[in-house]
Amino acid sequence: MRRTVFNEDHEAFRETLRAFIEAEVVPVYDEWFTQGIVPREFYHKLAELGLFGINVPEEFGGAGLDSHKFEAIQYEETARAGVTFGGSGVHVLLALPYLKMLATDEQKKRFLPKFVSAEEMWAIAMTEPGTGSDLAGMKSTAKLAADGTHYVLNGAKTFITGGVHADRVIVCARTAPPTAEDRRHGISLFAVDTKSPGYSVGRKLDKLGLRTSDTAELAFVDVKVPVEDLLGAENKGFHYLGANLPSERWGIAFGAYAQAKAAVRFAKQYVQDRTVFGKTVASFQNTKFELAACQAEVDAAEAVADRALEALDAGELTAAEAASAKLFTTEVAHRVIDRCLQLHGGYGYMNEYPIARLYADNRVNRIYGGTSEVMKMIIAKNMGL
């Protein structure tokens, strides 16, 4: 079926991005994988390519577009090459929507030009040790000082993608206690400068997958945050977090579909080259059936991912629709990547093969951004169950 989600401009961008990945990423990716982090200077190359400014207004140095389709192409092309861009996805997909939605004109003038140029890389810190997905249970606090000029931030965060390289972090903290009627009340968002005294980066976490994406623990001990760095209204943070979840979950959904598509490509190449019992693995009926079944699932996942992308760009993607897309594509990717690894045999378990890395990278898709079980709860609630 003909795909209609991308136009000529998008395909021209795809060609440019593919050439960039082949020249700048593939030759050094094994080194990044071993080190467990992408070099900070690489983000300046992404900025020069224009990746950080696509959805930023022109007055702040961006392209002024309002579409996630270029991000979608980035998901497809990095998966196709078996690489990632480290924590830069959080910079664009997660942090930027909050800046566009909540930042004042003064804040945008301060933040966005540096955002576009990669002078300041951004992350977002929500999850805390012991609370997991229960954001309303967070314990970090930000208390307004007596003179009213700053907040004093204390607490800890964990699983913070991009946390090692980040120059600014959107930190969620309590500015008021929860009420008996609403335990989500009292959370506020702050654009915290990581150079602030009392701010520290703890362990760079040793993850199963996404090895090049720096994920860290953060700690705040009496960190002074100027009142000018409060994002949005005080105590309304939980509402803001909920408003951006559909776009976050779309990103995970589309990324998972792209990984499944890449897995079929990797497996097809491998079985056509690999010989056993005097025949190529591709010549066996089981191989053909397995890849055919995987391709059918990828086709369905692509349709769901594309439909969600169009709805997101139109401002119509609901929380339940995003949850449904994430649930479906991540579960498809889980099945497809596992079957494609099986077709590689023992080599599929070796990290030198992209299918092995993809298998590990994919596993978190059914956890972060809300687990598959949480997605089912959202969908069921929308069904009136």
Partner set under salt bridge (Lys or Arg N to Asp or Glu O under 4.0 Å) for [X], not counting sequence neighbours:
X      : value
Lys381 : none
Lys279 : none
Asp299 : none
Lys268 : none

ask   = Does Leu51 reach the side chain of Val92, with side-chain heavy atoms less than 4.5 Å apart?
value =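 When only atoms from C-beta onward are counted, Val92 and Leu51 do not touch, as no gap falls below 4.5 Å.
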
ask   = So, do Leu96 and Leu112 sit near enough that their side-chain heavy atoms are less than 4.5 Å apart?
value =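 They are in side-chain contact.
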
What salt bridge (Lys or Arg N to Asp or Glu O under 4.0 Å) pairs are there with at least one residue in [range], not counting sequence neighbours?
range            : answer
residues 67-94   : Arg3-Glu76, Arg14-Glu76, Arg14-Glu77, Arg18-Glu77, Lys69-Glu310
residues 135-148 : none
residues 161-170 : Arg40-Asp167, Glu120-Arg168, Arg168-Asp229
residues 197-207 : Arg203-Glu217, Asp206-Arg211

task = Return each pair, listed once, that meets ring pair (Phe, Tyr, Trp, His ring centres under 6.0 Å) where at least one residue sits in residues 1-24; pairs must be two or more places apart or across chains.
result =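 As it turns out, the ring pair (Phe, Tyr, Trp, His ring centres under 6.0 Å) pairs with a partner in residues 1-24, which skip direct neighbours, are Phe6-His10, His10-Phe70, Phe13-Phe70.
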
ask   = How far apart are the C-alpha atoms of Phe85 and Thr78, what are their side-chain angles, what is the distance that settles it, and do they pass the side chain to side chain contact (heavy atoms under 4.5 Å, CB included) test?
value = CA-CA 8 Å; Phe85 286 169; Thr78 51; 3.8 Å; yes

task = Go through Val38 and Asp214 one step at a time and tell me if the side chain to side chain contact (heavy atoms under 4.5 Å, CB included) criterion holds.
result = CA-CA 8 Å; Val38 165; Asp214 54 304; over 6 Å; no

task = Decide side chain to side chain donor-acceptor pair (under 3.5 Å) for Thr161 and Ser213; before the verdict, give the C-alpha distance in whole Å, the side-chain angles of both, and the deciding distance to 0.1 Å.
result = CA-CA 7 Å; Thr161 302; Ser213 178; 4.7 Å; no

ask   = What do you reckon, are the aromatic ring centroids of Trp32 and Phe42 less than 6.0 Å apart?
value =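 So the answer is yes for these two rings.
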
task = Dump the intermediate steps for side chain to side chain contact (heavy atoms under 4.5 Å, CB included) on Tyr75 and Leu93, then the final yes or no.
result = CA-CA 11 Å; Tyr75 283 122; Leu93 184 65; 3.0 Å; yes

Residues which pass side-chain hydrogen bond (donor to acceptor under 3.5 Å, both in side chains) with Asp222, listed by chain and number, not counting sequence neighbours =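 Partners of Asp222 by the side-chain hydrogen bond (donor to acceptor under 3.5 Å, both in side chains) criterion, ordered by chain and then number, come out as Asn154.
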
message = Let me check something: do Leu210 and Phe159 share a hydrophobic cluster, defined by ILVMFWY side-chain heavy atoms less than 4.5 Å apart, either directly or through other members?
response =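 No, Leu210 and Phe159 fall in different hydrophobic clusters.
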
query = Would a distance-only check, ignoring hydrogens and angles, find a side-chain to backbone donor-acceptor pair under 3.5 Å from Gln107 to Leu99?
reply =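 No, Gln107 side chain to Leu99 backbone: no donor-acceptor pair under 3.5 Å.
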
ask   = Between Cys340 and Ile355, which heavy-atom pair has the shortest distance, and what is it?
value =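 Reported closest heavy-atom pair: CB-CD1, 3.9 Å.
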
message = For Tyr270, give me all partners under side-chain contact (heavy atoms from CB on, under 4.5 Å), at least two apart in sequence or on another chain.
response =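 Once residues adjacent in sequence are excluded, the partners of Tyr270 under the side-chain contact (heavy atoms from CB on, under 4.5 Å) criterion are Arg274, His344, Tyr347, Tyr353.
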
query = Can a salt bridge be assigned to the pair Arg110 and Glu106 using a cut-off of 4.0 Å between side-chain N and carboxylate O?
reply =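 Here Arg110 pairs with Glu106 in a salt bridge, since their nearest N and O are under 4.0 Å apart.
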
Show every donor-acceptor pair shorter than 3.5 Å between a side-chain atom in residues 234-245 and any protein atom, with sequence neighbours excluded, or say none if there are none.
residue : atom : partner : partner atom : Å
Glu234  : OE2  : Tyr151  : OH           : 2.5
Asn235  : OD1  : Thr175  : OG1          : 2.5
Tyr240  : OH   : Ala233  : N            : 2.9

ask   = Going through the checks in order, is the side chain to side chain contact (heavy atoms under 4.5 Å, CB included) test met by Tyr257 and Val332?
value = CA-CA 8 Å; Tyr257 138 70; Val332 164; over 6 Å; no

